[in-house]
Amino acid sequence: MSNRFIRRLLYPIYKVFLINHGSYIPLGCKIEGPIKFVHLQGIFISSNSQIGKNCTIYQHVTIGSNRVNTSKKFGSPSIGDNCIIGAGAKIVGGIVIGNNVRIGAGCVVIEDIPDNCTVVSHKPRIIRREI
């Protein structure tokens, strides 16, 4: 059997599986090795994104592209090997996430992260208070 035949046969099953889980993981994204989806609910990965080996991705994670031509971070994220991306994290734009990086739950990452780092969100802050 040709690879094209197998792809044509399995693609509808793949689409139904993702729709049932509210996720979008296109066949065009580059995943270099085994990847672990702890909970497949609500995961979105941009079609031009690159993900390394042995990564763990939790629920409601967005790995999205920046399509604003005038932006300095135009493009899709590239994620290194052995990364852990916590629930609800957002990784957006043409940024590079190094190897062995841990991204905490709810983080919004829009800058490059070097190897062997842990990223967490800032503590909540009040930006406006009604009296």
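If you read the sequence from its start, that first residue is 1, and numbering goes on from there.
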Determine whether [X] and [Y] fall in the same hydrophobic cluster, where Ile, Leu, Val, Met, Phe, Trp and Tyr are linked whenever their side-chain heavy atoms lie under 4.5 Å apart.
| X | Y | value |
| --- | --- | --- |
| Val68 | Ile91 | no |
| Val38 | Leu40 | no |
| Val119 | Ile95 | yes |
| Ile35 | Ile97 | yes |
| Ile79 | Tyr24 | no |

Any side-chain heavy-atom pair from [X] and [Y] closer than 4.5 angstrom?
| X | Y | value |
| --- | --- | --- |
| Asn54 | Pro34 | yes |
| Asn99 | Asn82 | no |
| Ile63 | Ile57 | yes |

Least distance between heavy atoms, [X] atom then [Y] atom:
| X | Y | answer |
| --- | --- | --- |
| Ala89 | Gly104 | CB-O, 3.9 Å |
| Ala105 | Ser121 | O-OG, 4.4 Å |
| Ser76 | Ser46 | OG-OG, 3.6 Å |
| Lys90 | His60 | NZ-O, 3.0 Å |
| Gly64 | Pro77 | O-CD, 3.3 Å |
| Pro26 | Ile45 | CD-O, 2.9 Å |

Other than Val16, which residues form its hydrophobic cluster under the rule that side-chain heavy atoms must be closer than 4.5 Å?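 ILVMFWY cluster around Val16 holds nothing else.
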Report the distance from atom [atom1] of [X] to atom [atom2] of [Y], rounding to the nearest 0.5 Å.
| X | Y | atom1 | atom2 | value |
| --- | --- | --- | --- | --- |
| Asp81 | Glu32 | CG | CD | 6.5 Å |
| Ile113 | Ile103 | CD1 | CD1 | 6.5 Å |
| Asp112 | Ser78 | CG | OG | 9.5 Å |
| Lys36 | Cys55 | NZ | SG | 12.5 Å |
| Gln41 | Ser23 | CD | OG | 6.5 Å |

Using 30° and 60° as the class limits, which term best fits the ring planes of Tyr58 and His39: parallel, tilted or perpendicular?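 Tyr58 and His39: tilted rings.
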With distance as the sole criterion, is a donor-acceptor pair present between the side chains of Ser65 and Asn48 under 3.5 Å?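 No, no side-chain donor-acceptor pair sits under 3.5 Å.
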Which of these, Thr118, Ile85, Asn116, sits in a side chain to side chain contact (heavy atoms under 4.5 Å, CB included) with Arg102?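 Of all the options given, the one that passes is Thr118.
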Counting N and O atoms only, with roles assigned by atom type, does the side chain of Lys30 sit under 3.5 Å from a partner on the main chain of Gly28, one being a donor and the other an acceptor?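 Checking the backbone N and O of Gly28 against the side chain of Lys30, no donor-acceptor pair under 3.5 Å is found.
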